[in-house]
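Written out below as C-alpha cells is the structure these notes cover.
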There are 2 protein chains.
Amino acid sequence: MPKQTFFNLSEQKRKTLIESAEIEFTRVPFFEASIANIVKTAGISRGSFYQYFQDKDDLYFYLLEVKLKKAKIYFSGFLEKHQGDLIEALIELQHYFLHALSDEEEKQFLKNALLYTTHRVESSFTSVWDTYLDHQEFKKVGELINREYLNIAAEKELLHVFKIVSALAFNNLIEKTVKGLSDEEAMDSFRLSMSLLKQGIYKQTNKD
Amino acid sequence: MPKQTFFNLSEQKRKTLIESAEIEFTRVPFFEASIANIVKTAGISRGSFYQYFQDKDDLYFYLLEVKLKKAKIYFSGFLEKHQGDLIEALIELQHYFLHALSDEEEKQFLKNALLYTTHRVESSFTSVWDTYLDHQEFKKVGELINREYLNIAAEKELLHVFKIVSALAFNNLIEKTVKGLSDEEAMDSFRLSMSLLKQGIYKQTNKD
DNA sequence: TCATAATATGACACGGTGTCACTTGTCAAT
DNA sequence: ATTGACAAGTGACACCGTGTCATATTATGA
C-alpha cells in the first residue's frame, strides 16, 4: 500500500504520477520498468517517489488493484443477470476482460502483467474471489450464486469450485496472450473449458 | 539453450557450474540471484559465464528443464500402472512433485521457482504435456490414455483436458507453497479438484 | 510572525549486468 | 619441437538501476 503521503497529494499530482507509471508499465514489463523513467515523466524527484511508495512493487500492485476493482463490481452484476448461474456469469466476466484487452494500451499493460510477473499477479486476479470469500461480502455473492445448478455437497466444495474456475480463467488470459489468439478464439477455448468442467470429464458410471 | 561452449566443457567443470547455480537459485529467487555469486562459487570468471550462456535466463531454464525431465518419465510409468486412467496417473505425479518438495533444498529451489518467476516457469511445467502433444511422443502417451473413462467427443477435447489438468496441478503446487500446506493437505486439495473435474460441477439435467 | 512538522530534492554509495581487448590453452600440421 | 590459428578464459570497464540521507523548501497553525 502506498504511504499516507501519497494520499495527501493533490488530485492532480496523484493523477500525473499514476499516469506516468501506467506509461512505463505499458512500455515494458515490471522487471524492466524503471523508477527513474516514471519520476522523469511525472516531473518529480527520485526522493519524492520513495516518500509516496515503499518501492516499485508497492506502486505496481496498487495500480493493478485499482484496475481490478472494476471487475469485481461487474461480476456481481453478471451473476444477477444470469440468475446466479456461476458459469454463465464467469463467461461474461471473461468476455469483459478479453474486451479490455482490445484497447491497444490496456492490452500491452495486461500483457506485461500476465507474462512477466510473479504469482502475485495471479493472486491479484484471483483475489476477485478472495474478497468475497473472506469477508462480509462473501455472504452477498454467496447468496447470488444459485446452488441449484451445482453438484456440490458442502460449502467447502464451493470454495474449491472458485479456485478451479479462477485458475482456468487466468490460464485462458495467458493462453490468449501467449498464442496471440483472437477474442473469439480465446472465448471458444474458455467456453470449452467451462463446458468440460460443468459436465465432468469422466463418463458417469456406477462404480464411482 | 546454453551455447556449444558449455557442452564442450569437461564433465567436472560443467557439474561444478551447475551446482553453483543451484546453490544460488536455492538461496534466492531468480530475480535476486546474481551471476557474480555463481561464478565466484564455481571459481570461474565473469567473462566465461557469458561464453557458456546467453544470460541468466538461459542458465535458469536449462536447469529447470533438466529437473523436469524426470517428471515426464515418471508420468508415463504412472499411466501404465493405472491402466491409462489419466486422473489417477496425475494424482500420483502430483504426489511425486510434492514429495520432491520435502527435500529441504529442492523445496527451497522449487519455492523460488513457483513464487518469484514469470509464466515461463509455468510453461516449463506444463511443457511436460507439450512434448507429448506436439511430437511423436504424443502417440505414445496418447495411446496410454484409456479413453473409455473419458467423456470427450473429439481428440481436440483431449488436448483441452490436458490444459485443464495442468493448470490445476500447477495451481496446487503454488497453493501448497504459498499457504505452507502439508503434503497431505495439498494432496487432499488436489484430489478434491480432480474429483470435481471428473464428476463435473453441475448437476446433470436434461436441458444440456 | 515564527517554530515546527511535512514534503521535496538530487548526489551518492552500492551492486548488478553485459562487453571487449587481451591473455592463455589446445591441437593439428609441418 | 615449432608454429599458427582458433577456442576458451579473463577482469576491468561502461552503463544503469536502486534506496538513502543530509539538506532545502514549503505548509501549518498558534
Side-chain angles (χ1 to χ4, degrees), chain A residues 1-64 112-113 116-118 120, chain B residues 1-64 112-113 116-118 120:
Chain A
M1 260 292 131
K3 299 180 184 171
Q4 187 52 47
T5 334
F6 175 69
F7 297 107
N8 293 343
L9 250 38
S10 75
E11 174 93 308
Q12 180 53 51
K13 204 162 185 182
R14 225 167 39 229
K15 209 177 140 192
T16 310
L17 186 46
I18 290 295
E19 272 167 11
S20 306
E22 276 174 352
I23 290 170
E24 180 66 359
F25 290 122
T26 300
R27 189 181 68 83
V28 286
F30 178 78
F31 289 103
E32 282 173 52
S34 93
I35 294 174
N37 269 334
I38 296 172
V39 298
K40 203 165 79 188
T41 310
I44 61 168
S45 75
R46 179 160 198 80
S48 283
F49 179 89
Y50 287 95
Q51 210 88 32
Y52 308 145
F53 302 97
Q54 207 61 43
D55 48 26
K56 205 167 50 161
D57 276 58
D58 195 21
L59 163 60
Y60 187 72
F61 287 99
Y62 171 69
L63 224 69
L64 206 57
N112 287 338
Y116 301 101
T117 38
T118 72
R120 275 195 65 189
Chain B
M1 260 292 134
K3 299 179 183 171
Q4 187 52 45
T5 336
F6 175 69
F7 297 107
N8 294 345
L9 250 38
S10 76
E11 175 93 84
Q12 180 53 51
K13 204 161 185 183
R14 224 168 39 229
K15 211 176 139 192
T16 309
L17 186 47
I18 290 295
E19 272 168 12
S20 307
E22 275 175 352
I23 289 170
E24 180 66 0
F25 289 123
T26 300
R27 189 181 67 83
V28 286
F30 178 79
F31 288 104
E32 282 173 50
S34 94
I35 294 173
N37 269 333
I38 297 172
V39 298
K40 202 165 79 187
T41 309
I44 61 167
S45 75
R46 181 163 195 77
S48 283
F49 179 88
Y50 287 96
Q51 210 87 34
Y52 309 144
F53 301 98
Q54 207 62 44
D55 49 24
K56 204 166 50 162
D57 276 59
D58 195 22
L59 164 60
Y60 187 72
F61 287 99
Y62 172 69
L63 225 67
L64 206 57
N112 288 338
Y116 301 101
T117 36
T118 71
R120 275 195 65 189

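Every chain is numbered from 1, with letters handed out A, B, ... down the list of sequences.
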What does A:K3 touch in the nucleic acid at a heavy-atom separation under 4.0 angstrom: a base, only the sugar-phosphate, or nothing?
nothing
What closest approach, in Å, do A:V39 and A:S45 show between heavy atoms, and which atom pair accounts for it?
CG1-O, 4.0 Å
Contact class for B:F53 (heavy atom, under 4.0 Å): base, sugar-phosphate, or nothing?
nothing
Please verify the inter-ring angle class for A:F53 with A:F6; under 30° counts as parallel, over 60° as perpendicular, anything in between as tilted.
tilted
Donor-acceptor contact below 3.5 Å, side chain B:R14 vs main chain B:F7:
yes
Between the CG atom in A:D58 and the OH atom in A:Y50, the distance rounded to the nearest 0.5 Å is 11.0 Å
Which is true for B:T5 with a 4.0 Å heavy-atom rule: it touches a base, it touches only sugar-phosphate, or it touches nothing?
sugar-phosphate
Can you tell me the distance, in whole Å, between the CD atom of A:Q4 and the P atom of C:dT7?
8 Å
From CD1 (B:I35) to CD (B:E24), nearest 0.5 Å
10.0 Å
Taking protein heavy atoms under 4.0 Å as touching, what does nucleotides 16-27 of chain D look like 5' to 3' if B marks base contact, S marks sugar-phosphate-only contact and - marks none?
--BBB-------
Rounding to an integer number of Å, can you tell me how far B:K40 NZ sits from D:dG11 P?
14 Å
Looking across every strand, which nucleic acid part, if any, lies under 4.0 Å from B:F6 by heavy atom: base, sugar-phosphate, or nothing?
nothing
Does a side-chain N or O from B:Y52 land closer than 4.0 Å to OP1 or OP2 of D:dG9, or not?
yes
How are the rings of B:F25 and B:Y60 set relative to one another: parallel (under 30°), tilted (30 to 60°) or perpendicular (over 60°)?
perpendicular
Are there more than 12 heavy atoms of other residues, nucleotides or ligands under 6.0 Å from atom NZ of A:K15?
no
Nucleotides 25-28 of chain C: which of its N/O atoms have a protein N/O under 3.5 Å away?
none

For A:Q4, is the CD atom crowded, meaning more than 12 foreign heavy atoms sit under 6.0 Å from it?
yes
Side-chain N or O of A:N8 versus OP1/OP2 of C:dA6: is the shortest distance under 4.0 Å?
no
Residue-phosphate contact under 4.0 Å: A:S48 side-chain N/O, C:dT9 OP1/OP2
yes
